[in-house]
*Asks:* 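I have a structure I would like to understand better, so I am pasting it below and will then ask my questions one at a time.
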Amino acid sequence: MRMSGIKHSPYWADQLDDPPALTARMPAKVDVLIVGSGYTGLGAAITTARGGRSTLVVEAESPGHGCSSRNGGQISTSVKPSLAKLAATFGMDKARAIRAEGRAALEWVGDFVEREGLDCDFRRVGRFHAAHTPAHYETLVRDAARMSADEGIESFAVPRAEQHKQLGTGAYFGGVVFPRHCSIHPGKFHRELLRLALDAGAQVVGHCPVTRIDRTSGGFRVDTGNGTVEARDVIVATNGYTTGLTPWLQRRVIPIGSYIIVTEPLPEEVIDRLFPGDRIASDTCKVVYYYRATPDRRRVLFGGRVSASETDPLAAASRLRRDMCRLFPELEGIALSHAWSGTVAYSFDELAHTGVHDGVHYAMGYCGSGVSMAPYLGMRAGQKVLGLAEGQTGFDGLPFPTRPLYRGKPWFLPAAVAWYRWNDQRQFRKASRMN
Ligand SMILES: Cc1cc2nc3c(=O)[nH]c(=O)nc-3n(C[C@H](O)[C@H](O)[C@H](O)COP(=O)(O)OP(=O)(O)OC[C@H]3O[C@@H](n4cnc5c(N)ncnc54)[C@H](O)[C@@H]3O)c2cc1C
C-alpha cells in the first residue's frame, strides 16, 4: 500500500479558514495570564475575560497546537475509574462527586455549543463500545447495568448478532451503546473557542513560550519569549505538553503519544455500511482503538496508540492501518490521506486534576478524554480566579499523586504498553479462534 504523499498534519486543519489576527504586542501587566491555548486555556480565558479581568493567553506554538487541534473528536463522560473503585479510595460521597463531573462536562459541552451557536459539527451520535472478547462483553454489560442503577447513565447492550447495526465489523463480540456520547469537529471547536475568547477581550499571543513564573508580593512575574508580564493570577493549561516550567506538575502527568490516520474519501455506501448510525466507536482493548466517520461521512478516522516507544506518525500509520483493516477488511487497499500524533497527559490515578499549587491555578491530566472535560475544567478554573462558588468541582482537594524518581520522563511506558498491546492481541486472536 502506498504510504507516500500522506499529510502529517491533522485532517481537521484542512477545513479551517485562516486563523484570526492575534495580539502583536505583549502587555506589561494583566489580571490573569494563562499558559497554553488549548481547550483548557481558552475555556479559562473566556470565563475570566467575560468576568471583567484583563486576560492574556500565552502559547508556545500557534494557538491550539497541542491536543486540542489533533484529537479524535469523541466526547464521553471522561471519568475512567468506576464509582466502586473511587469509593474504595475516597469514600462514596467524594466518588459520586467525581463521577458527577464527567456527566456534567458531557452535558455542559452540548449546552455550551448550542447556547453560543458554535459551528463545530457537534452531534449527539452515541458511542458503540465494543468487546474484543466474549468475557469482555459480559463485563461490559454488567458494568453498564451497574452504572445505570447507581448513576443513571443511559446505555443498552448490543449482542454480537446485532452489532452490524452499530458498526460494520464482525471482529467484536457485541458491545454497549452510550446514546449521550457525542462527536465534534475538534479543529472547528478550537477555532470557535478562540473566537469567543478574543470577542470577550482576551489577548492571545502565539509562538511565545512562557519560560519562568516567579511569585511576587502582588501576584506573579512571568517571563516569556516576548518579554516579562506581571499578572495577579496565573493558570497553567499545558496538559501533555507540560515541561520543567512547572516541575511540580511535570512530576504528576505522564505524556503519552496518541496517533490518528484518515483514509482517502470512500464511496457513500462503504461509510453507510461501516458506520450505519454515525456512532463514534471504541473498544475494550487496554491499548484502546477509537474511530469514527469524519463529519462529512466520506472518510474513516482511526486512532490508537501504536507503539511502545514514541515514533513518527508516518511510521505509526502503517501499523495503525493494519489494525484498522483487521477490523474492517474491506478497507484493505484504500489509501490514507493524513497521519498525525499528539501528546495526551495521563495521571497516576487516571483522574483529571485541578487546583492551586504555590498560588498557580492548573487543570490537566485528562487521560486522553479531554474534549469536554478540558474546556469545562478551564471554565471552572476561571471561575475560581473570579472568586465564584461555581468554580468548585468534585476534583478539588484530591491528592495529585506522583511516583518516587518520576520527573516527567515515563521510562516505564514502553514496557507497559508493549505488554498491554501483546495481551490485547493475544486475547483478540484467542477469542476469534474459539469463535
Ligand atoms: C491523537 C489524539 C486523540 C485524542 N482523541 C480524543 C477524543 O477523541 N476525545 C477526547 O475527549 N479527548 C481526546 N484527546 C485528548 C484531548 O484532545 C485533550 O485532553 C485536550 O485537548 C487537552 O486540552 P488542553 O487545552 O488541556 O491541552 P492542549 O490542547 O494539549 O494544549 C496545551 C498547550 O500548552 C502549550 N504549552 C506548553 N508549554 C507551554 C509554555 N511553556 N508556554 C506556552 N505554551 C505552552 C502547548 O504548546 C499546547 O498548545 C486526544 C488527544 C490526542 C493527542
Side-chain angles (χ1 to χ4, degrees), residues 39-40 67 71-92 94-109 127-132 136 139-148 150-155 175-176 178 180-182 239-240 252-258 280-290 303-305 342-354 363-377 393-396 398-403 410 412-413 416-417 420-421 423-424:
Y39 300 147
T40 305
C67 291
N71 62 73
Q74 301 200 358
I75 307 182
S76 62
T77 38
S78 307
V79 177
K80 289 192 162 48
S82 67
L83 183 67
K85 188 171 175 201
L86 291 173
T89 313
F90 302 114
M92 186 50 90
K94 188 67 178 169
R96 283 196 184 284
I98 295 169
R99 291 280 302 176
E101 293 294 359
R103 299 193 298 282
L106 173 64
E107 296 309 319
W108 170 84
V109 74
R127 170 188 305 279
F128 181 59
H129 192 49
H132 74 290
H136 281 85
T139 310
L140 265 188
V141 173
R142 215 175 31 242
D143 289 351
R146 196 171 300 137
M147 284 193 284
S148 164
D150 292 348
E151 303 173 74
I153 292 177
E154 228 180 290
S155 67
V176 167
F178 294 94
R180 300 293 300 163
H181 293 193
C182 318
N239 201 44
R252 283 161 175 79
V253 287
I254 308 163
I256 299 186
S258 191
I280 54 173
S282 52
D283 66 23
T284 47
C285 286
K286 194 79 178 159
V287 185
V288 66
Y289 295 116
Y290 50 92
R305 186 178 163 77
T343 308
V344 303
Y346 264 68
S347 58
F348 285 99
D349 58 6
E350 288 193 294
L351 288 172
H353 286 268
T354 183
M364 60 180 61
Y366 306 111
C367 302
S369 299
V371 174
S372 57
M373 192 55 88
Y376 173 80
L377 286 189
T393 77
F395 298 108
D396 293 358
L398 290 181
F400 196 167
T402 180
R403 292 286 181 274
F412 44 82
L413 201 60
V417 172
Y420 284 137
R421 194 179 157 81
N423 201 36
D424 286 341

*Asks:* List in chain and number order the residues that pass ring-ring contact (aromatic ring centres under 6.0 Å, His included) with Phe178, two or more places apart in sequence or in another chain; answer none if no residue qualifies.
*Replies:*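 In terms of ring-ring contact (aromatic ring centres under 6.0 Å, His included), with neighbours along the sequence ignored, Phe178 is linked to His181.
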*Asks:* Which atoms form the tightest heavy-atom contact between Phe90 and Pro399, and what is the distance?
*Replies:*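 Of all heavy-atom pairs spanning Phe90 and Pro399, the closest is CE2-CD, 4.2 Å.
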*Asks:* Step by step, work out the side-chain contact (heavy atoms from CB on, under 4.5 Å) result for Leu398 and Lys94.
*Replies:* CA-CA 9 Å; Leu398 290 181; Lys94 188 67 178 169; 3.7 Å; yes
*Asks:* Which of these, Arg103, Arg96, Arg146, sits in a salt bridge (Lys or Arg N to Asp or Glu O under 4.0 Å) with Glu151?
*Replies:*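 Only one of Arg103, Arg96, Arg146 forms a salt bridge (Lys or Arg N to Asp or Glu O under 4.0 Å) with Glu151, namely Arg103.
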*Asks:* Hey, are the side chains of Arg127 and Ser76 touching, using non-hydrogen atoms and a 4.5 Å cut-off?
*Replies:*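 In short, these two side chains touch, coming nearer than 4.5 Å.
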*Asks:* Hey, does His132 have a side-chain heavy atom less than 4.5 Å from the side chain of Asp424?
*Replies:*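 The answer is yes; the side chains approach within 4.5 Å.
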*Asks:* In terms of ring plane angle, is the pair Phe348 and Phe412 parallel, tilted or perpendicular, where the classes change at 30° and 60°?
*Replies:*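 Answer is tilted, since the angle falls between 30° and 60°.
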*Asks:* Do Thr40 and Asn239 touch side chain to side chain, with heavy atoms closer than 4.5 Å?
*Replies:*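 SC-SC contact between Thr40 and Asn239 ruled out.
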*Asks:* If I compare all heavy atoms of Thr284 with all of Ala131, which pair ends up nearest, and what's the gap?
*Replies:*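 So the minimum-distance heavy-atom pair works out to OG1-CA, 3.4 Å.
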*Asks:* Measure the CD1-CD distance between Ile75 and Glu107 for me, rounded to the nearest 0.5 Å.
*Replies:*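 It is 11.0 Å, given to the nearest 0.5 Å.
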*Asks:* Looking at Pro255 and Thr343, what are the two nearest heavy atoms and their distance?
*Replies:*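 The pair with the smallest heavy-atom distance is CB-CG2, 3.5 Å.
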*Asks:* Considering non-hydrogen atoms only, spot the tightest contact between Ile280 and Cys182 and give its length.
*Replies:*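 Here Ile280 and Cys182 meet closest at CD1-O, 3.4 Å.
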*Asks:* Nearest 0.5 Å, what's the CG-OG distance between Leu140 and Ser155?
*Replies:*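 Leu140 atom CG to Ser155 atom OG measures 9.5 Å (nearest 0.5 Å).
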*Asks:* The test is side-chain contact (heavy atoms from CB on, under 4.5 Å); show your working for Ile153 and Arg99 and say whether it passes.
*Replies:* CA-CA 11 Å; Ile153 292 177; Arg99 291 280 302 176; 3.8 Å; yes
*Asks:* When rounded to the nearest 0.5 angstrom, what is the spacing between CG in Leu83 and CG in Asp143?
*Replies:*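 One gets 11.5 Å once the value is rounded to the nearest 0.5 Å.
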*Asks:* Does Ser372 reach the side chain of Tyr366, with side-chain heavy atoms less than 4.5 Å apart?
*Replies:*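 Not touching, per the 4.5 Å side-chain cut-off.
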*Asks:* Using a 3.5 Å distance criterion without hydrogens, assess whether the side chain of Asp396 forms a donor-acceptor pair with backbone atoms of Thr393.
*Replies:*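 Indeed, once roles are kept as given, a pair shorter than 3.5 Å links the two residues.
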*Asks:* Are side-chain N/O atoms of Ser78 and Tyr376 paired as donor and acceptor at under 3.5 Å?
*Replies:*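 Side-chain D/A pair, Ser78 to Tyr376: absent.
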*Asks:* Should Arg252 and Met364 count as side-chain neighbours, where that means a heavy-atom distance under 4.5 Å?
*Replies:*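 No. Closest side-chain heavy atoms not under 4.5 Å.
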*Asks:* Less than 4.5 Å apart, side chain to side chain, heavy atoms only: is that true for Asn423 and Lys286?
*Replies:*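 The answer is no; the side chains never approach within 4.5 Å.
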*Asks:* If I take atom CZ from residue Phe400 and atom NE2 from residue His353, how far apart are they, to the nearest 0.5 angstrom?
*Replies:*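 Output value for this atom pair is 5.0 Å.
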*Asks:* Using every non-hydrogen atom in the two residues, find where Tyr39 and Ala374 come nearest and quote the distance to one decimal.
*Replies:*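 Smallest heavy-atom distance, with atoms named: CB-CB, 3.9 Å.
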*Asks:* Rounded to the nearest 0.5 Å, what's the gap from CG on Leu351 to OH on Tyr346? Could you check?
*Replies:*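 Reported to 0.5 Å precision, the distance equals 12.0 Å.
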*Asks:* Is there side-chain contact between Met373 and Val79, with heavy atoms separated by less than 4.5 Å?
*Replies:*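 Yes, their side chains come closer than 4.5 Å.
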*Asks:* Please confirm whether the backbone N or O of Pro81 pairs with a side-chain atom of Glu350, one donor and one acceptor, at under 3.5 Å?
*Replies:*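 Such a contact is absent between Glu350 side chain and Pro81 backbone.
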*Asks:* Enter the distance from Asp349:CG to Thr89:OG1 here, rounded to the nearest 0.5 Å.
*Replies:*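 So the gap between those two atoms works out to 8.5 Å.
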*Asks:* Minimum heavy-atom separation for Cys367 and Lys80, please, with both atom names.
*Replies:*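 Taking Cys367 first and Lys80 second, the nearest heavy atoms are O-NZ, 2.7 Å.
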*Asks:* Do Val109 and Val371 make a side-chain contact, defined as non-hydrogen atoms from C-beta onward lying under 4.5 Å apart?
*Replies:*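 SC-SC contact between Val109 and Val371 ruled out.
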